[in-house]
Trainee: 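Below is a structure I'd like to ask you about.
Numbers restart at 1 for each chain; the letters A, B, ... are given by sequence-line order, proteins then strands. All of these numbers come straight from a predicted model, not from anything done at the bench.
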Amino acid sequence: MPNPPSGTATPGRVRVRFAPSPTGFLHVGGARTALFNWLFARRHGGTFVLRIEDTDQERSTEESVRTILEGLGWLGIDWDEGPFFQSRNVQAHRALALRLLEERKAYYCFCSAAELEARRAAAEKAGSAWKYDRLCVNLSPEEARRRLQGGEPAAVRFLVPEGTVAWDDLVHGPTSFDSAVLEDIVLLRSNGSPTYNLSCVSDDVAMRVTHVIRGDDHISNTPKQILLYRAAGLEPPRFAHLPLILGPDKKRLSKRHGAVSVTEYRDKGYLPEAMFNFLALLGWSPGEGREKMTRDEMIAAFRLEDINKKGSVFDEQKLEWLNSQYINDLAPERIVALVRPQLEAAGLLSADIEEGGARRAWFLKVITTLKARSKRLPDFVRDARPFLTDDFEYSEDAVKRYLGTDGNRMRALRAAFETVEPFTEEATEKALRALAESRGDKAADYIHPLRVALVGTAVSPGVFTILILIGKERALRRIDRLIAFLDSRATAT
RNA sequence: GGCGCUAUCGUCUAGGGGUUAGGACGGAUGGUUCUCAGCCAUCAGACCGGGGUUCGAAUCCCCGUAGCGCUACCA
């Protein structure tokens with residue numbers, strides 16, 4: 001049972017929302033925002049609402065909605081209400097704008113995009129910062145109505161009142177803006193569609209959102225929204241602005257930094273629990289140097305006050321390390337279930353290693369010996385290959401480093417192994433070492449080529465371990481194959 | 001340009017008027033050993049700069065500087 005909410009929460013039930021726009025995949029920044037909202041809601045026994053901000057009809061796609069839901073689902077971030085689609089609420093958004101219009105807190109603006117652009121260019125040329133010049137602010141309602149009826153298109157602008165706008169940001173502390181720096185923002189476009197700030201406020205009110213937790217690229221939208229709440233006579237929610245996730249160049253993480261979509265990380269073989277844990281630690285720390293934590297531990301420890309203000313670089317190496325930690329905790333059965341599709345795709349899946357199959361137990365042993373050295377799921381597929389098929393090559397590196405010019409040692413080893421019974425790790429190791437000693441060689445002179453014979457690579461788990469896993473019969477065949485390879489090489493040169 | 005936000009090891013961070021400035025990833029070295037990984041041990045590595053306040057500042061204040069974000073009839 002988590003402790004009662006700490007002082008940050010306003011009284012009453014916590015309601016938060018994640019509001020992605022479906023114009024692409026779920027990127028890690030968005031995922032982290034969702035995650036923090038989720039953690040906060042769970043911590044306070046509140047409600048997590050999912051709202052899809054699809055009002056940009058040009059760029060929003062259903063496919064994108066699907067991948068966002070898929071990404072959240074993969075991470076185990078579930079929502080209590082929604083998904084709601086913002087586009088369904090445009091009537092409410094418009095009604096709010098119309099109400100402000102009625103109360104003279106907003107006004108019609110007939111300036112066309114081209115006129116605006118011209119005036120802006122002129123202002124910039126003159127070296128002054130451009131802000132909408134309020135050309136239409138004093139139009140009488142009668143004149144506005146007349147021009148509207150005459151078919152002239154008009155946008156609705158919010159009349160920004162004078163004064164300062166301040167709020168106590170839950171992560172940044174007291175923050176304020178002079179409203180003089182704000183221009184009269186467009187609420188309704190000339191085609192009648194609502195703009196972001198209007199829709200956002202309208203929906204947050206409708207959904208009774210108590211805490212807006214979002215990226216700090218929204219800090220400059222916050223005063224506009226607070227002003228809108230005030231104009232509507234509504235109490236604004238609390239705001240918490242999260243630091244951005246950065247690429248290695250300290251710029252906001254984007255596609256040119258490589259993978260930014262959570263599904264890409266899934267496909268690269270990261271575990272959702274590792275990704276979740278890693279993302280939670282980006283900008284948040286529970287203190288005490290805790291790194292690897294369960295979801296419940298994170299929920300219990302989560303406090304907005306502990307979120308730091310500095311943007312954090314996404315360090316995939318650390319993600320990989322965390323992932324390896326999580327992989328290590330996984331039961332072999334779970335690992336098999338996770339890599340099964342890739343095994344199948346690689347043509348390595350056979351009935352006898354499936355659940356209930358004759359070699360199931362054996363295969364679980366293979367996975368177990370591979371576990372400690374695996375950082376990502378595909379590592380298993382790569383490393384399990386020589387256990388599942390004879391179809392593998394000798395790596396160039398292994399050949400260069402460990403293969404001599406003739407097969408004599410391997411011939412001797414093969415003969416020695418042939419008589420080892422039972423064929424155990426201890427017995428085979430003893431036989432190999434005895435053989436090496438009797439011939440005045442080092443054990444390594446046999447061990448390394450043997451590894452190449454067995455798995456084709458210069459690196460693997462302990463040779464005797466894999467030797468037993470592969471089994472006497474197959475091992476002898478593979479030694480034969482290496483001898484043949486060595487002999488053909490000898491005659492070729 | 002305007003406005004805003006930020007500033008502790010390479011990276012993620014803890015700490016916060018008096019500390020050997022702590023941990024994790026990554027790096028280096030050594031150990032285990034048949035390789036690599038793992039594991040264990042050790043090491044290197046930071047308070048952006050300048051002024052204040054103070055007996056004492058990385059910590060509080062101011063001023064710089066730098067980085068980032070926003071500056072749409074996108075969200």
Side-chain angles (χ1 to χ4, degrees), chain A residues 19-23 53-56 58-60 86 109 111-113 116-117 120 124 127-132 153-157 169 171-172 175-178 180-183 185-197 199-200 215-223 241 243-244 246 248-252 278 281-292 306 308-322 324 328 370-375 379 383 398 401-402 429 432-433 442-452 457-464:
Chain A
S21 50
T23 53
E53 304 212 325
D54 59 343
T55 51
D56 186 341
E58 301 281 288
R59 296 192 301 149
S60 297
Q86 188 162 61
C109 171
C111 302
S112 72
L116 251 18
E117 192 41 57
R120 173 176 334 191
E124 269 162 25
S128 55
W130 162 260
K131 196 175 88 173
Y132 176 64
V156 173
R157 282 187 188 269
D169 195 283
V171 350
H172 291 277
T175 309
S176 67
F177 282 78
D178 183 344
V181 305
L182 270 24
E183 71 173 0
I185 56 169
V186 169
L187 260 21
L188 253 28
R189 299 184 185 92
S190 39
N191 68 7
S193 66
T195 60
Y196 168 70
N197 284 295
S199 299
C200 182
D216 69 15
D217 50 338
H218 282 287
I219 286 183
S220 43
N221 282 321
T222 305
H241 287 100
L244 261 20
L246 279 20
D249 60 356
K250 305 285 183 79
K251 289 198 206 306
R252 181 199 189 121
F278 177 72
L281 256 19
L282 236 38
W284 173 66
S285 165
E288 298 156 11
R290 296 216 279 160
E291 302 278 344
K292 185 162 172 276
D306 294 332
N308 50 230
K309 313 185 219 328
K310 192 180 61 162
S312 27
V313 174
F314 187 96
D315 178 10
E316 191 169 349
Q317 275 193 318
K318 187 155 184 176
L319 204 211
E320 197 170 63
W321 167 77
L322 244 193
S324 73
N328 224 256
L370 259 21
K371 211 168 78 161
R373 54 206 307 113
S374 301
K375 292 180 189 294
D379 293 354
D383 295 340
R401 274 169 74 188
Y402 295 127
E429 177 159 8
L432 182 147
R433 291 189 187 280
K442 287 182 293 183
D445 296 333
Y446 296 80
I447 285 173
H448 293 307
L450 174 59
R451 168 176 291 110
V452 181
T457 52
V459 301
S460 82
V463 222
F464 300 104

Trainee: According to a cutoff of under 5.5 Å between the ring centres and under 30° between the ring planes, does A:His218 stack with the base of B:G69?
Mentor: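 So A:His218 does not count as stacking on the base.
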Trainee: Would you measure the distance from the P atom in B:C5 across to the matching atom in B:C62 and give it in whole Å?
Mentor: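 Each nucleotide's P atom is 12 Å from the other's.
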Trainee: Mind checking who B:C25 pairs with, Watson-Crick or G-U wobble, both distances under 3.5 Å?
Mentor: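 By the stated definition (distances under 3.5 Å), B:G10 pairs with B:C25.
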Trainee: With a 4.0 Å limit, can you tell me whether A:Asn308 has a side-chain N or O closer than that to the phosphate oxygens OP1/OP2 of B:U13?
Mentor: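 Yes, because at least one side-chain N or O of A:Asn308 sits under 4.0 Å from OP1 or OP2 of B:U13.
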Trainee: Can you identify which nucleotide, out of B:U6, B:C73, B:U35, has its nearest atom closest to the A:Arg451 side chain?
Mentor: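 Nearest to the side chain of A:Arg451 among the choices is B:U35.
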Trainee: Identify the two heavy atoms, one from A:His241 and one from A:His172, that lie closest to each other, and give their separation to 0.1 Å.
Mentor: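 Minimum heavy-atom contact is O-NE2, 3.3 Å.
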Trainee: Can the positive tip of A:Arg451 be found less than 6.0 Å from the middle of the six-membered ring of A:Tyr402, inside 45° of the ring normal?
Mentor: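 Pair A:Arg451/A:Tyr402 does not count as cation-pi.
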Trainee: Does the side chain of A:His172 get closer than 4.0 angstrom to OP1 or OP2 of B:U6 through an N or O atom?
Mentor: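 Checking B:U6 against A:His172, a side-chain N or O does come within under 4.0 Å of OP1 or OP2.
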Trainee: State the pairing partner of B:G64; accept Watson-Crick or G-U wobble contacts with both distances under 3.5 Å, and report none otherwise.
Mentor: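 B:C48 is the nucleotide pairing with B:G64.
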Trainee: Would you indicate, yes or no, if B:A37 has its OP1 or OP2 atom less than 4.0 angstrom from a side-chain nitrogen or oxygen of A:Lys371?
Mentor: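 It does not, given that no N or O in the side chain of A:Lys371 lies less than 4.0 Å from OP1 or OP2 of B:A37.
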Trainee: Taking atom P in both B:C12 and B:C68, compute the distance separating them and give it to the nearest angstrom.
Mentor: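 Between the two P atoms, the distance is 15 Å.
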Trainee: Given side chains that start at C-beta, do those of A:Pro153 and A:Asn191 come closer than 4.5 Å, heavy atoms only?
Mentor: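 A:Pro153 does not reach A:Asn191 side chain to side chain.
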Trainee: Identify which nucleotide among B:C73, B:C25, B:A75 has an atom closest to any side-chain atom of A:Trp321, counting heavy atoms from C-beta outward.
Mentor: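 Of B:C73, B:C25, B:A75, B:C25 is nearest to the side chain of A:Trp321.
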Trainee: Out of B:U11, B:A75, B:U13, which nucleotide sits closest to the side chain of A:Ser285?
Mentor: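 Between B:U11, B:A75, B:U13, the one nearest the side chain of A:Ser285 would be B:U13.
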Trainee: Expressed in whole Å, how much space separates the P atoms belonging to B:A46 and B:G10?
Mentor: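 Each nucleotide's P atom is 7 Å from the other's.
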Trainee: Do you know which two heavy atoms are closest between A:Phe464 and A:Glu429, and how far apart they sit?
Mentor: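 In terms of heavy atoms, the two residues are closest at CE2-CA, 3.4 Å.
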Trainee: Is A:Thr55 close enough to B:A75 that one of its side-chain N or O atoms is under 4.0 Å from OP1 or OP2 there?
Mentor: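 Yes, within the criterion.
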Trainee: Considering only atom C1', compute the distance from B:G27 to B:A66 and round it to an integer number of Å.
Mentor: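 One C1' to the other, the span is 27 Å.
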Trainee: Can you see which heavy atom on A:Ala444 is nearest to which on A:Pro449, and at what distance?
Mentor: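 In this case the closest contact between A:Ala444 and A:Pro449 is O-CD, 3.9 Å.
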Trainee: For B:A37, which nucleotide is its Watson-Crick or G-U wobble mate, given both distances must be under 3.5 Å?
Mentor: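 Pairing partner, where one exists within any strand: none, as none qualifies.
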Trainee: Would you say a side-chain N or O of A:Lys250 is under 4.0 Å from OP1 or OP2 of B:U11?
Mentor: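 Yes.
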Trainee: Which value, in whole Å, describes the distance between the P atoms of nucleotides B:U13 and B:U35?
Mentor: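 Rounded to whole Å, the distance is 38 Å.
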Trainee: Out of B:A14, B:C73, B:G69, which has the shortest distance to the side chain of A:Leu116?
Mentor: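 Looking only at heavy atoms from C-beta outward on A:Leu116, the closest nucleotide is B:C73.
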Trainee: Can you see if the side chain of A:Thr23 gets near the phosphate of B:A75 - specifically, an N or O under 4.0 Å from OP1 or OP2?
Mentor: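 No, no such contact exists.
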Trainee: Spell out yes or no: do the side chain of A:Lys318 and the base of B:A24 have one donor N/O and one acceptor N/O closer than 3.5 Å?
Mentor: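 Indeed there is one.
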Trainee: Has the side chain of A:Glu291 got a donor or acceptor that lies under 3.5 Å from a partner of the other kind on the base of B:G23?
Mentor: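 Per atom types, the contact qualifies.
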Trainee: Looking at A:Thr195 and A:Val186, would you say the former's side chain and the latter's main chain have a donor-acceptor pair under 3.5 Å?
Mentor: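 Side chain of A:Thr195 to backbone of A:Val186: a pair is present.
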Trainee: Start at the 5' end of RNA chain B and walk down; is the nucleotide closest to A:Gly283 or to A:Asn197 reached first?
Mentor: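 Whichever sits nearer the 5' end wins; that is A:Gly283.
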Trainee: When you measure from the side chain of A:Ile447, which nucleotide among B:G4, B:A75, B:C34 comes out closest?
Mentor: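 Selected nucleotide (nearest to the side chain): B:C34.
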Trainee: Give none if B:G1 has no partner; otherwise give the nucleotide forming a Watson-Crick or G-U wobble pair with it, both distances under 3.5 Å.
Mentor: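 Because both required distances fall under 3.5 Å, B:G1 counts as paired with B:U71.
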Trainee: Of all the nucleotides listed (B:C12, B:G2, B:A75), which has the minimum atom distance to the side chain of A:Val313?
Mentor: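 In terms of side-chain proximity for A:Val313, the closest of B:C12, B:G2, B:A75 is B:C12.
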Trainee: Counting only side-chain N and O atoms of A:Arg157, is one of them less than 4.0 Å from OP1 or OP2 of B:C73?
Mentor: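 Answer is yes, contact under 4.0 Å.
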Trainee: So if I take every side-chain heavy atom of A:Lys310 and compare against B:C12, B:C34, B:G4, which nucleotide ends up nearest?
Mentor: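 Of all the options, the side chain of A:Lys310 is nearest to B:C12.
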Trainee: Please check this pair: side chain of A:Lys371 against backbone of A:Asn328, looking for a donor-acceptor N/O pair closer than 3.5 Å.
Mentor: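 The answer is yes, because a donor-acceptor pair under 3.5 Å joins these two groups.
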Trainee: Do the side-chain N or O atoms of A:Arg120 get closer than 4.0 angstrom to the phosphate oxygens (OP1, OP2) of B:A72?
Mentor: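 Affirmative; the distance criterion is met.
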Trainee: For B:G67 and A:Arg252 - does any side-chain N or O of the residue sit under 4.0 Å from the phosphate oxygens OP1/OP2?
Mentor: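 Answer is no, no contact under 4.0 Å.
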Trainee: What's the closest nucleotide to the side chain of A:Lys251 if the choices are B:C12, B:G67, B:U35?
Mentor: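 The answer is B:G67, which lies nearest to the side chain.
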Trainee: Please name the nucleotide paired to B:C55 by Watson-Crick or G-U wobble geometry with both distances under 3.5 Å, or report none.
Mentor: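 Checking every strand shown, B:C55 finds its partner in B:G18, with both distances under 3.5 Å.
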Trainee: Starting the side chain at C-beta, find the nucleotide from B:C3, B:C73, B:A75 nearest to A:Glu183.
Mentor: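 Shortest atom-to-atom distance from the side chain points to B:C73.
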Trainee: Which nucleotide in the set B:C3, B:A75, B:C34 lies at the smallest distance from any side-chain heavy atom of A:Phe177?
Mentor: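 Comparing B:C3, B:A75, B:C34 against the side chain of A:Phe177, the answer is B:C3.
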Trainee: With a 3.5 Å cut-off and just heavy-atom distances, do the side chain of A:Ser190 and the base of B:C73 make a donor-acceptor pair?
Mentor: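 Such a pair exists between side chain and base.
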